[in-house]
Every structure is written in structure tokens, then in C-alpha cells.
Asks: 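One structure, pasted below without further comment.
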2 protein chains.
Amino acid sequence: MDRMQFHLNGFRTGDPAISEPAEGQQARAERPGSEVDVLIVGCGPAGLTLATQMAAFPDITTAIVEQKAGPLQLGQADGIACRSVEMYEALGFSEQILKEAYWVNETTFWKPDDANREHIVRSGRIQDVEDGLSEFPHVILNQARVHDFLLEAMRRGSSRLEPYYSRRLLDLTVDVSIAEDSDAHPVTAKLERIDPGHEGEIETVRARYVVGTDGARSTVRGSIGRSLSGDSANQAWGVMDVLVVTDFPDIRFKSAIYSNEGNVLIIPREGGYLVRLYIELDKLKESERVSERNITIERLIAAAQRIFRPYAFDVKEVAWWSVYEIGQRLCDKFDDVPEAEVGRRRPRVFIAGDACHTHSPKAGQGMNVSIADAFNLGWKLAAVLRGTSSPGLLHSYSDERQTIAKELIEFDRAFAKLISTPPKDPANPDAGGIDPAEFQQAFVQAGRFTAGMAVHYGPSLITAEPTHQHLARGFELGTRFHSAPVIRYWDAKRVHLGHTIKADGRWRLLAFAGADDPGSSRSRLGRLCEFLAESPDSPIRKYTSPDTDIDAVIDVRAIVQRDHRELAAELIPPLLVPQKGRYGLRDYEKLFCTELNGEADIFEQRGIDRADGCIVVVRPDQFVANILPLDGTSELAAFFDRFMIVSSSSVMSVPA
Amino acid sequence: MDRMQFHLNGFRTGDPAISEPAEGQQARAERPGSEVDVLIVGCGPAGLTLATQMAAFPDITTAIVEQKAGPLQLGQADGIACRSVEMYEALGFSEQILKEAYWVNETTFWKPDDANREHIVRSGRIQDVEDGLSEFPHVILNQARVHDFLLEAMRRGSSRLEPYYSRRLLDLTVDVSIAEDSDAHPVTAKLERIDPGHEGEIETVRARYVVGTDGARSTVRGSIGRSLSGDSANQAWGVMDVLVVTDFPDIRFKSAIYSNEGNVLIIPREGGYLVRLYIELDKLKESERVSERNITIERLIAAAQRIFRPYAFDVKEVAWWSVYEIGQRLCDKFDDVPEAEVGRRRPRVFIAGDACHTHSPKAGQGMNVSIADAFNLGWKLAAVLRGTSSPGLLHSYSDERQTIAKELIEFDRAFAKLISTPPKDPANPDAGGIDPAEFQQAFVQAGRFTAGMAVHYGPSLITAEPTHQHLARGFELGTRFHSAPVIRYWDAKRVHLGHTIKADGRWRLLAFAGADDPGSSRSRLGRLCEFLAESPDSPIRKYTSPDTDIDAVIDVRAIVQRDHRELAAELIPPLLVPQKGRYGLRDYEKLFCTELNGEADIFEQRGIDRADGCIVVVRPDQFVANILPLDGTSELAAFFDRFMIVSSSSVMSVPA
């Protein structure tokens, strides 16, 4: 289903963002069911994102539990990278984020004034996100609000998910003897209630899969015998959210201040008044913890006041503050299957977010990487549970995300070190330090990482080799599908092609027509559609149950190099106006044109071969999985045959 | 308050769209209070829009009652003009409308095929809204959803409004002897409960003001001795919302079909599948009502099938249908004060929406004009109730809106006639009818009316003569402020200047700086700010209580012809970075720049004098009230002196 399509199976009233409930949906039970498909432990950003994703599948039972007594009120994370906003678009609430958040438009840099090194002066300013990197901005919004949106989206999903709070995971065991039985619930979780009146009650939940999103001290991680490892940089930092009166002119810009008194990173916050400051504190001694220092908020404020000189910095209210030491730690594998057993059994327990990697806050990675973990895992769990993909798919989660986490931690370590380096004094160059211009340059280079766009999955079961990359150079294999605007043929609406890719577990096959007449049945686009609709080798024919809509598993859309006013409707292949639902209503949202009043069109923006066109296969998590010639039908079939399985009669029906 | 500013008076958590409750806000009572400031009768679009507007004022008590038992489930109106989306932006939920609605991008036209006049062929297509008319599109969304958004916005407002359902207005009286006592509650309404268990209970509510938004059969209108008058065109139409399978290629375009079998107007609906059809039926006899014809849905469908030939038109489900005759009716005055008494007393009872004007549905006027009525009235009621404006202001509601309603009804009559005229047959030109090309041309000309942009209030107490119109030709006096993008100085965010004008009852003074250095205190902008902040003649000094924020009554913002990177913060007049709230926090959202990466800037787009700049005074309902030179301080003071009154100590404090 497209999120803003409704009425397909009959007219309905009310809020269309609330999905129709799963059949037989009951009022939420007092306690999680004793058998569930997926148990998620922990209501941080990773857990809630995963739960929101799973809530879209009415045929999958999911429970999410949390040790705390209720939703987060005050979050620590705040930066939402462009890529994360893209994921929230796919989950259905990007517009709420964009409305409430602070938008990071520019970053400014400050350094000691050469004339008076006790004072700071502005040394430069840069655009925060390079042009065209994403259609969404980099924004700042309190983590608690992001949780609110996710909780609301979960509640609105088909399976109407809500967390069970006040549950502490006591232990988790996997019955390896039945782990390969696809009907089994081999994971047993024991939960202890800690809410008043129920203290000590034990709930036992047997699950097909368990995901630990239970933070840096993850119990799930411990239960599968894994641990975080890495070093601590022995550098203490303070962070505070404050309401402040200041004449510092860049208090509403993200700013990096290098001063002789230490460094500060300013992150303006939503709502127009609040600001977050990361303040560099002392180097810690070997194995010393910041908590041993008894650092007070007064000390943080005093440090800020010294750094901001000559500007006044009068703190009126402290909304939240904390001190921490920088540390990057990583788990070597993100599931329960030892490397040696990968070929023999599927993973049953996964860890995501802080449970498997921790970052310093300043590169803005923590929450964003956690969300991306969940976005990678959700569709894979759904595909295996719904019987459309082979269980081997599940190994790709750790393969892909552990590699990315490692890259990001390396980046984060370098970035954190950069921020902690003192500025070079031109009067005393031998004393060391970094040139402010060099610092600014490093910030610019870090842009793709901080925007969440540096993720590149290597070739695997689900990501093809870049054999045909030249057909669409701007859709790099293994990177996220980079959206661009197109005109919808049937109603001339300008839409972002990437926003048709919702988090609904479906694969996308985007057919970019070549120069031959797309309105002719003998065009390459026409022949591709014919193959997909009619050939027994077609992945659509093979992997879509005849009881469901033709786009339930693989969603085909086409983009033609034409003005929508000049393409005759009669000649459009039927696959591109499929009849769906109980009435056989036509879906008019599959075909797009390129005229954009003189702007560069998607073929130009993404380097698509105008003569030959191509097929771009996009994973359910929006990553480019394959690029093929329009007539590459056997390669296309072979690609899906690698991981898809013919749907058996026992599989629950796919929702419309 | 700006809708997306928060934390001004201290950090708060939770949904910022939910205003802080009014002081002493109680749980909603079982019944409306016996004394209220404003009683609104009727929960249609006008009533709910007015209530949403009133909910923003914590110091005003409002009750809204409705005869039906609960919110609308299925609405009749559907078209939302660009101007209405602008008002919803000011009320805080345009993004929800834009997300859910169908966007009207093009309108297509069909006529009889000259080769076979039993068949239709496409004769043309036009862009639905001319470029640059509004930053918002023309959209289609079920009225019930618009009500949902308004109800939600009311609930979130400071005074947490919710309607009292199942209340029938029995009668309404105004005690004229005390109507000029500003402390009095001279209007007495008797309401009868009609909900099960409470039938027949009478609730008496005394109000300072009553607004009848109770539809075409308005009881409020009757109680003030007014009536609708106008003719009926004796043309029956059918309307149906259907799920249909058809090969008609423009089923997702707004389309006007002229056929030998009658005319159809297609309005595609939200959600991708539903479509509304307006179908021309027979001419009625003199004084015949359509209800006497016993027209069935089968007959409507059969008519559509004949009109659509050669295309199939297979209706799968009828979501809603109705038949009606076209009629345009109008009330001669929209309040309770007879023309002869206007100088002697203020209005106490108003009517708005269908209670004072009815339209045919096809020009898409009904709901949009109703909303605009409410938007015109709301701030005026608030200003008089809060003691910032003289009661004479209230006469301008009927003056302005009755004139507009009359214009729109004339337009609507011409438009409805046009749609009912048969097409000219080239083989038989003497038989009469309209040339399809002429029809299309008339549609284009109607664009400004249907977009809601034809509204032009004449000079009055609150709209100045166009003496200085040449300083900003694109901000025509008496028309709505036409927004354009600008860059916010303090955080480089690109924003729409018009979106800073929220429905919060405040006047706006937009100072467009001339060519002289805006950063200098001797610039015209600098001197204007100095006058406003310090002169005893300044309307800000005169009309703003010292206990409230400096922008609580008149909100000053400035736009400079500069790149934000080239204007020194130190030189910005303090009035443009005002200190507000309990902490004296600086408001960083008052100053804007114009660099837009090569796009035409607001000075160019709106014809603002680049050398001299100007002041644009904007009413709380977003209409341009005055244009003055930057040094026109005495004219400015005189303008506000016409209708503002010095706030007395008895006035309740204005919320931040």
C-alpha cells in the first residue's frame, strides 16, 4: 500500500494515516503474548523504529518491551541526519519532523582573535549539507519527540503496536536444536515486571526472533555472549541544554568554537530559544571515569562563559545537562550465530543501536545509526517471516551493519579527536594544534558521514555487482536510492520518486524508459512489462501469490522521458495501471514523466542512459540492489532467485 | 507567539502544537458555561474555523454548540482553495492537508467528437492555478477531515475548546438596552439538549457575542430577523462519490465534460481511487424542487455512462450521492444591527457561512467562503473583547464579507450557467450553445475566484486608501498578503514571509529596508525602529501593555536587501531582536534577508521600491491594511489611532 492511497477496497472515513487493523485485531492485552514472531527489547530509537516497521505487517505478531515505566520525556540525542529524515518519510511522518525541528542550514567556525587571544572571532562559515545531497535538510529535534512520532506511527500501523513498559529482561535462551525449524519459536525470554503492584511477576515470551535494542548495557547482547570493545579517549565533555541571553551572534547557528579556554560545539534547538552546548572539559587520567570528577553545572556554565569571551553568556535556565567521556565501542557481530556456523543456521537473536556500537555524541551518529540498523533489519525479518525470502537473508544484517558501524566509529574517532585539538597560535606555531582553516575543511569532508550518506553496502546476496552501473551512474549500487522529482503521469502531480518507496517491505523495480517510444508495446519498456506480467520466469509471477495484488511483493514503476501531455494513455502497458483490490480498481500512481519546467530531470540528475534506459532494483530499505538493461530479464530473474522463495500455501495472506 | 516557537518562558517537554493551557483551565464542563464571551452555534467549517481562532486566546471564553450528535463523518464539500490552505497554514495544520489531499494540478476539457457526436474527445487542458498565485496548491479533501483538523487544533489551543453536541438553539434575544455596555452579556441563547437521557433539558447561555454558523436554515439568522434571498436556477444536478473502473484517461484530472448527453464535472478525490462526479440532470419546472423528481443513484450512473461514451464507466461502490438544484442566495447584512443604527450600537450577533450565503457546489466556493468569513470575524471579536480595538471594528465584518459574498454569488451564477450550457455543434451552429474553446477560456478567467484570490476589501477603518501603493505594487491594499520566500537572518533558514503571520490576533508591521545601509542606526529602518521602540506616539508604546511582550499587539519584522552573511549583528536595531518572556530571551525570528541563489527576491516579486523601501501593515487576517514610506511614522501612528484603544488596566494580560 502507498501511505496516501486509500479507498482501494471500498470507501472509508476517518484518518487515513491509521491503517486498517489486522483481521481479528483485539484490544491490546495486559501482557505480551506467550508466543510472538518478534520480540523487541528496548524502546530507544532503534527499538521503536523497528517496531514501527513491524507494525505495518498485520500478519506478523510483534511485542516490544521496555524496562522504563513509560515513554522518554527528555532525550539526549537531538541531531537527525538527512538520511534519517528520508527514513521517517518512508515511515510516514517526515512532515511532522520538518515542522517542529530546528533546521541546520549553516555551520560557523570561531577561533581565538589574533589581536587578543582571550577573545574569539568568527573564522568561517559553510553550508551545512552540500547541495543536492538529499531532498531533506539536516535537522535537530529532541529525541523524546522522535519517540512520540514513532509511538504514534506504531499505534496507527495495522497491528496497532504499543510497548509494554516496566519489563526487565532477566534472561534469554535460544534452543539451537530447533533454530532451523521455520515454524518454531526457539527463543525464550523471561521478563520481570517492575511496575507497582506487579513487582516480581515473571512473563515468559517465546519468540521466533528477538532483537535487542536495549542500549549500551544490553542484556540481550550479554545473553548471546557478545560484548562491546574499544577504547575510551579519556577526554571529558559536558553537555547542557540551556535558555540563555547572549550577544554572541551565532547562537542560532550550529557553531564550532575553538578558543584558548577550550572548545565548544553549539547546536541550536527547536522552538527558537533553546540551545545545546558541548563543552570540552579536562583530559581524564588513564582509567579515570568522568563521574569521579564531581563536575557541576556551575562549572560547565563557567567554562562556557570563559570560552565565549568577549560575548556575554547569561544562562537563565538549564533544561538538562550531563558529563561524559568520549568512547567508541563496537561489537564484532550483531547476531547470535558464530562465524563458523553461518552456513549452518540462521540468526535468531539480533542486536541493534547502542547495544552493538557506541559513538561520541558530537558527530551526531548515535540515534541516526540506530535508526538505520532497525531500517536494515525490519524488512528482512518480515520477508523471512512472511515466507517470501529464504532465512539466509538474515545473515546480511550483521554483515552489512557491522561493517558500517566500524566505518562510522573510525570516522567518529577521527572527528572527536579533531574537535578536541587546540587551535594553533600563529605567534607560537611550534606549540602544535590545528589550523582553524584545516579544521573547517575537515568539517566539510565529514558532511557525507554526518548526513548519513556515506553508507555503502558491498556486493552480497541482495546487492549485485556493479556490472551495469554505467546505465545510471547517480544510483550507485549499495547506496540509498537518491530521490529526484518527477511528474506523475495520470494527475500531473510533481512528486519525489523516492517517496513512493515506503517502508512496507516491498521491493521496487524502477524502469527508466530509453529513447524508443515508451508508448509502444514493442518498446523495451513495453517488452519488459510484458515479461514481468506474463512470463513464468518473471519474479512477479513467481513470487507473488495469486490471491494478492500484483504489486504486493515487487512494485513496478516506470519513468519515461516525455511530457505527460504527449503520451497516449491507451498505449500504456497494463502492468503500469494494475487493477487491484476487491474491485479491481486501477492504480494510477505507477507511471512518471520528466518534464520539470526547464529544471534538470531525473535522467540528467542521476546520469541515467537516455538512449537505453535501465532497470533500477531498489531494496525495501531504499538501497540500490541492482541496475540492469531494460532487456536484462534473465539477469533480473536470476537476481531475485538468489534470495526469494516461491510463496507456499501456508503463508498468511499479504495485506493490500 | 509563533506557532513553532516554544521554551520562551522556560523549557517544556511534549507536543509543542499543544498550547499551554489558559491559567486556571479546568477539565471541560458537562455543559457550556452560563456566561461566555462568545457563543458559536453550529459546527460547520465556519463555526469550527472561528472556534479554532478563538481557542488561541486563553483570556476569552468561547463555547461552540452543535445540533448533531457528533462530528461530521462524511462531508459534502471537498474543494480547498489555495487561499484556504493559506488560512490553515495560519491556523497551524496546512501540512496535514497537503499530505492527505488530492492536488489539482491541471484541468482538462472534453467535448463531443466532431466525427461522432455520441463520443467525447479531449479538447484542451490548462494548468489549474496560475503560476505564482499562491505558494499552496488547490486541493481536494473530504470536509470531514478538514473538520477533524480543526477540532484537533481547537483542542490544542490555549482554551482547549471542544464542541457541545446535541444542542438545538431554541431562541436568541439581544437586550438592546445594555448592548453598548462593554462588560455586559446582552445576548441570551436558549439551548435544548436532544441527546438520549437529557432530552428536553434547557441550557441558558448569556454571551457577549453570538455567531450563527448554523447553515442555510440558520436559526440565528431567523432570530435577528434576517433572511436569504435569491433565485433558483431550476437546474437539477446530481453528485456522487464513487469507486469506478474506467478507461477514461482523465479520471485523475479535474475535468469538465461537455457532451450531447449532458455535462459532467470530475473532481478526483484523495487516496488515489475515489472520484466525485457532478452530473447535469433535467431542467426543473418553475418552482419545482429536485426532491420531487425521485431521482435514483441508478439514474445518475446511467447518465454518467451515456456521457462518458466511448469510455466504459463501471461503478463498483457509491460512497455518497445526492441531488440538488442550483441556487445562489444571500442575506443583505451579516449582523443584527439595522443599517440605520450602525452609528449607535455595535453588533452582538453575527452570521457566517451558509447562514448568510449559499452557492452552487461547482465553483468550489461554499466551504472556502465560510472559512474566510470566520477568519475575518475571529480576530475582530478578539480585539474588541481584549480591549485593544474599539467596538466599531465589529461593523466591518458585515461590510466586508457581505460585499464579497455578493461578488462571489454573481461569479458563481455565471459559472454555474456556463457549466449548464450545451456545447455548440459545428454542423448545426444555429442551434446555439457554447464553443468549447470559449468555455475553456472562461474557466481560466475564473481561476482567481476559485482560488479564493479575488477578495479585495475596499478602504475602511482598517484598510487605508492606496496613497502609497506604488511603494509595493505587488501587495495590493485590501488583498491578502501575498507571501514570498526570504532568508531568516539569524539561522539562514529559508522561510515564507507570509507564514510568520499566524492566526494569533496580532497586527504585523513589515518594514522593507531601502537601499541605505540597514545596519546603520541612521538608516530609515533604524530610525523607524527607534520611533517604534521609543516615541510616545508609537502605536507599539501606546497600545501594548508594559506587562506583555513588546510584540504582543503589533509584531514588527524587517526585510533587508542583503546577504545574511554581510550584515553585522551588532548594528541590528534592538527592536528587531526583542527580549521577551520571563527571562528576557531574545527572539531571533524578526529579521530576514533576500539572497535566494539567483531566484527573484521578494522585492522583485512584489514590486517593492528598492531605493526607498516601505512599511507594509498587515491585518491579523493577513490582509494588507496599509503601505507607507519607512519614514511615514505620523501616518502610521494615525492609522492605528483610528481603531486601536489604549489598553486599560482592567484588560486581562495578553499571553506570550
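Order of the sequence lines fixes the chain letters, A, B, ..., with proteins taken first and strands second; residue numbering starts at 1 for each chain.
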Asks: Less than 4.5 Å apart, any side-chain heavy atom of A:Leu274 and any of B:Phe11?
Replies: yes

Asks: Can you tell me how far OG1 of B:Thr108 sits from CZ of A:Arg565, rounded to the nearest 0.5 angstrom?
Replies: 12.5 Å

Asks: Do A:Glu106 and B:His564 meet the criterion of a side-chain donor-acceptor pair at a distance under 3.5 Å?
Replies: yes

Asks: Let me confirm one number: the OG1-CZ distance from B:Thr246 to A:Arg586, rounded to the nearest 0.5 Å.
Replies: 7.5 Å

Asks: What is the distance from atom OH of B:Tyr489 to atom CZ of A:Arg252, rounded to the nearest 0.5 Å?
Replies: 14.5 Å

Asks: Heavy atoms only, distances under 4.5 angstrom: which of A:Glu95, A:Arg122, A:Glu317, A:Glu270 has the most pairs with chain B? Name it, please.
Replies: A:Glu317

Asks: Can you check whether B:Phe6 reaches A:Arg269 side chain to side chain, under 4.5 Å on heavy atoms?
Replies: no

Asks: Between OG of B:Ser94 and NZ of A:Lys99, what distance do you get to the nearest 0.5 Å?
Replies: 7.0 Å

Asks: Does B:Val244 reach the side chain of A:Tyr583, with side-chain heavy atoms less than 4.5 Å apart?
Replies: no

Asks: How long is the gap from NZ on A:Lys316 to CG on B:Asn9, to the nearest 0.5 Å?
Replies: 12.5 Å

Asks: At a 4.5 Å cut-off on heavy atoms, which part of B:Tyr588 comes close to chain A: side chain, backbone, both, or neither?
Replies: side chain

Asks: Please classify the contact of B:Ile572 with chain A as side chain, backbone, both or neither, using a heavy-atom distance under 4.5 Å.
Replies: neither

Asks: Side chain, backbone, both or neither: which part of B:Ala144 has a non-hydrogen atom closer than 4.5 Å to chain A?
Replies: neither

Asks: Can you tell which part of B:Val242 gets under 4.5 Å to a heavy atom of chain A, answering side chain, backbone, both or neither?
Replies: neither

